[in-house]
**Q** 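The structure under discussion is supplied below as structure tokens; questions concerning it will follow.
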Amino acid sequence: MGLLSTLLGIFGFAIGTVIGLLAGFYFFIYSEPQEVKERFSRPLNELHTDTLLELLPDIPLWVKSPDYERVDWLNKFVKDMWPYLDKAICRTIRSMTKPIFAGYIGKFQIQSIEFEKLTLGTIPPVINGVKVYETNEKELLIEPAVRWAGNPNIILVIKLLSFQIKVQLVDLQIFVSPRIALKPLVPTFPCFANITVSLMEKPHVDFGMKILGGDIMAIPGLYRYVQETIKKQVAYLYHWPQTLDIPILDSSTVAIKKPVGILHVKVVRAQKLLKMDILGTSDPYVKLSLTGERLPAKKTTIKKRNLNPVWNENFKLLVKDPQSQVLQLQVFDWDKVGADDQLGMQLIHLNLLTPNEMKEFNLDLLKNTNIASDPHEKKQRGKITVELTYVPFKEDSIKLDGSMDKTYSRTESGFDKLSDEEVPSGAGLLSVMVLGAEDVEGEHHNNPYALVLFGGEVKKTKTMKKTRDPLWNEEFQFMLEEPPLHDKIRIEVMSKKRGISFRSKESLGHVEINLSDVVHNGRINEKYHLFNSKNGMIHVEMTWKTS
């Protein structure tokens, strides 16, 4: 009897398993997802005290923390715009996921993947407060606290063989506090080139996922596993210091290229130049310039009555793009009266150079750069010999090869400070960015501009009219043979009245800055109090780069 009951039990279990699988398969294929219903809400004054205490963690951060500012106006804006934002965001999601879904077609017997419904619902996200940071950099840094308990209805249909599987995402909740940086600030609308987003803490994400009308997130252990997986993946991608960079403006329209190295040019000699003077000689000299620069061309000395001049003169030119810039060499015959006559010219592409390696060029002089297209131009104009060496700045060399040495090791604020003995000698570039000033006040007028005085040179910013807080954002560069360890730079803020006046110019304050800190640190970005000014300050950024 025991054997018979055992066999019947096994038989019943097998039959029940088969029937259960068939019934489950039927409901899996033919059941439909449920429509998302609007949530029922009650006013706070109708809630019990215990219920209100449970809601305390959701009180806006601007109430609990004075660092956060109230942004009801922004929430009102988002609420009014939400129906349109919903459609725009969903359209973007469809376009972004289309190529992703296409990559799975044909795999695992999948025939198609598409959205049957895609809406973010009627409940917009709420910004519980915004924290704004002030920095000396050209950026706007904000940290909003975003809470979204929405009612989206997202149904994804997966066609597998002859079956359709519908997956529905509902009851989405997201609590996140991103740090958003709008940088760099540029004078081109919308006034920032990129949006950089990073998460200061792991986000809270909660949602339901329905298949066959049942929420699979209710399966024991699955909910916690999915939660932890999402947090880890999001944190891996965007948790500070990792960032999500969103370009807004084309870099070519806003980027101001910075110098990346120095081109050392030695003009050696020229041979068999054209005879331009009545006596059958010439008075040659050479002009040197780089394409893409507005700086005056550099010149060699004039060699009187010489068709085979030898100069052996050295020059240094700032390089901003070694892959596209071209060195232009022009040989002229000097005349006392009238314009100088061009004897010939030649171009050298910098991409022919290997960094830190000297290369000699012995080139035929041409009438112009289109000589190849002029078959009638056969006149020999002589030759010119130059030696070129491109030396990139050490900071940029570090970025290229990924290596770091004790001389230029990075910190969050720039370079580690060096002692005088560790500072590398040799030529370098001092860049001075005069960003702006605050509370500069003149007795007679306020049309401020800044003068940068260094090494006998005087650089001037543009004049801002009728303001006490001018923003210049102008950069000046000084090529130096040695690090300015014991030098000072003087910056004066002046005011100039338009028209004829006995008091057309007026000093609004000045500051003298020791350059040793710039050399030791590689970069400084500070605000300085102006001497002879009540509350005036000036914002200056300086960098020192060596080759």
Side-chain angles (χ1 to χ4, degrees), residues 256-268 285-301 311-322 324-330 348 350 353 355-359 386-399 407-408 414-415 418 420 423-434 450-461 474-491 512-524 540-547:
I256 301 176
K257 291 185 177 180
K258 302 289 185 179
V260 296
I262 298 176
L263 178 65
H264 297 260
V265 182
K266 182 178 182 180
V267 181
V268 182
Y285 67 93
V286 183
K287 274 187 178 182
L288 307 91
S289 61
L290 281 175
T291 57
E293 284 290 348
R294 298 181 179 178
L295 298 176
K298 296 182 180 293
K299 298 180 182 180
T300 65
T301 56
W311 286 286
N312 286 322
E313 297 181 16
N314 296 294
F315 301 90
K316 296 182 180 67
L317 303 175
L318 290 178
V319 178
K320 295 183 178 179
D321 190 349
S324 64
Q325 283 188 289
V326 177
L327 174 65
Q328 181 173 281
L329 302 168
Q330 295 174 292
I348 303 176
L350 299 192
L353 303 177
N356 300 308
E357 292 185 11
M358 188 274 289
K359 188 172 183 178
V386 295
E387 295 176 357
L388 305 184
T389 306
Y390 168 59
V391 183
F393 292 131
K394 290 185 178 180
E395 175 190 357
D396 300 282
S397 300
I398 291 171
K399 292 179 181 178
T407 305
Y408 280 91
F415 297 103
L418 307 176
D420 287 356
V423 171
S425 60
L429 176 68
L430 176 67
S431 296
V432 181
M433 173 73 81
V434 183
L451 296 176
V452 181
L453 301 93
F454 179 72
E457 295 185 64
V458 180
K459 311 280 189 177
K460 179 183 176 182
T461 67
E474 294 190 38
E475 184 175 14
F476 307 101
Q477 297 167 343
F478 301 89
M479 183 79 72
L480 306 178
E481 295 294 334
E482 293 292 335
L485 281 170
H486 308 292
D487 296 329
K488 293 182 179 181
I489 191 169
R490 181 184 177 95
I491 302 177
E512 290 187 351
I513 305 172
N514 290 316
L515 296 178
S516 59
D517 287 341
V518 184
V519 177
H520 288 150
N521 295 285
R523 174 179 179 270
I524 63 171
V540 181
E541 178 183 345
M542 290 189 286
T543 59
W544 169 251
K545 296 182 180 180
T546 58
S547 56

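Quick caveat, the model's predicted, so the values are computed rather than measured.
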**Q** Flag the pair Ile262 / Leu317 as yes when at least one side-chain heavy-atom distance between them is below 4.5 Å, and no otherwise.
**A**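 They are not in side-chain contact.
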**Q** In Å, rounded to the nearest 0.5 Å, how long is the span from CD1 of Ile491 to CE of Met542?
**A** 6.0 Å
**Q** To the nearest 0.5 Å, how far apart are OG1 in Thr543 and CZ in Arg523?
**A**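 So the gap between those two atoms works out to 8.0 Å.
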**Q** Identify the two heavy atoms, one from Gly428 and one from Trp544, that lie closest to each other, and give their separation to 0.1 Å.
**A** CA-CH2, 3.4 Å
**Q** Mind running side chain to side chain contact (heavy atoms under 4.5 Å, CB included) on Leu329 and Ile348 for me, showing each step along the way?
**A** CA-CA 8 Å; Leu329 302 168; Ile348 303 176; 4.0 Å; yes
**Q** Below 4.0 angstrom, N of the basic side chain to O of the carboxylate: do Lys359 and Glu357 qualify?
**A**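 Salt bridge flag = no for Glu357 with Lys359.
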**Q** Between Leu429 and Phe478, is the side chain to side chain contact (heavy atoms under 4.5 Å, CB included) condition met? List the steps.
**A** CA-CA 6 Å; Leu429 176 68; Phe478 301 89; 5.9 Å; no
**Q** For Lys488 and Phe454, work out which heavy atoms get closest and say how close.
**A**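 Smallest heavy-atom distance, with atoms named: O-CD1, 3.5 Å.
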**Q** Report yes if some heavy atom in the side chain of Val386 is under 4.5 Å from a heavy atom in the side chain of Val268; otherwise report no.
**A** no
**Q** Do Val260 and Pro392 come close enough that some side-chain heavy atom pair is under 4.5 Å?
**A**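 Heavy-atom side-chain distance check fails, nothing below 4.5 Å.
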**Q** Measuring only between side-chain heavy atoms, which start at C-beta, is Tyr390 closer than 4.5 Å to Asn356?
**A**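 They are not in contact (no side-chain heavy atoms under 4.5 Å apart), so the answer is no.
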**Q** Compare every heavy atom of Leu485 with every heavy atom of Ser516, then report the nearest pair and how far apart it is.
**A**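 Shortest heavy-atom contact: CB-O, 3.2 Å.
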**Q** Given 3.5 Å as the limit, does a donor-acceptor pair link the side chain of Thr300 with the main chain of Val286, or not?
**A** yes
**Q** With rounding to the nearest 0.5 Å, note down the distance linking CZ in Phe315 to CG in Leu327.
**A**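 Here the rounded value is 11.0 Å.
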**Q** Restricting to non-hydrogen atoms, name the atom on Glu475 and the atom on Ser431 that form the minimum distance, rounded to 0.1 Å.
**A** OE2-CB, 3.4 Å
**Q** Among all residues two or more places apart in sequence or in another chain, which pass the salt bridge (charged side-chain N to carboxylate O under 4.0 Å, His left out) test with Glu512?
**A** Arg490
**Q** To the nearest 0.5 Å, tell me how far Leu430 CG sits from Met479 CE.
**A**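 Rounded to the nearest 0.5 Å, the CG-CE separation comes to 11.0 Å.
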**Q** Would Gln477 and Leu318 satisfy side chain to side chain contact (heavy atoms under 4.5 Å, CB included), going step by step from the backbone distance to the final call?
**A** CA-CA 10 Å; Gln477 297 167 343; Leu318 290 178; 3.3 Å; yes
**Q** Which atoms form the tightest heavy-atom contact between Pro484 and Leu515, and what is the distance?
**A** O-CB, 3.4 Å
**Q** Check the pair Val265, Asn314 against side chain to side chain contact (heavy atoms under 4.5 Å, CB included), reporting the backbone distance first and the verdict last.
**A** CA-CA 6 Å; Val265 182; Asn314 296 294; over 6 Å; no
**Q** Find the distance between CD (Glu474) and CE (Met433) and round it off to the nearest 0.5 Å.
**A**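 If we round to the nearest 0.5 Å, Glu474:CD and Met433:CE are 9.0 Å apart.
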**Q** Under a 3.5 Å threshold, yes or no: a donor from one side chain and an acceptor from the other, between Thr301 and Glu313?
**A** yes
**Q** Kindly check if the number of other-residue, nucleotide or ligand heavy atoms within 6.0 Å of NZ (Lys299) is above 12?
**A**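 No, not enclosed.
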**Q** For residues Val434 and Phe476, determine if any side-chain heavy atom of one lies less than 4.5 Å from a side-chain heavy atom of the other.
**A** yes
**Q** Between NZ of Lys316 and CG of Leu288, what distance do you get to the nearest 0.5 Å?
**A**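 These two atoms lie 13.0 Å from each other.
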**Q** Taking Gln325 for the side chain and Leu350 for the main chain, is one N or O donor matched with an acceptor at less than 3.5 Å?
**A** no
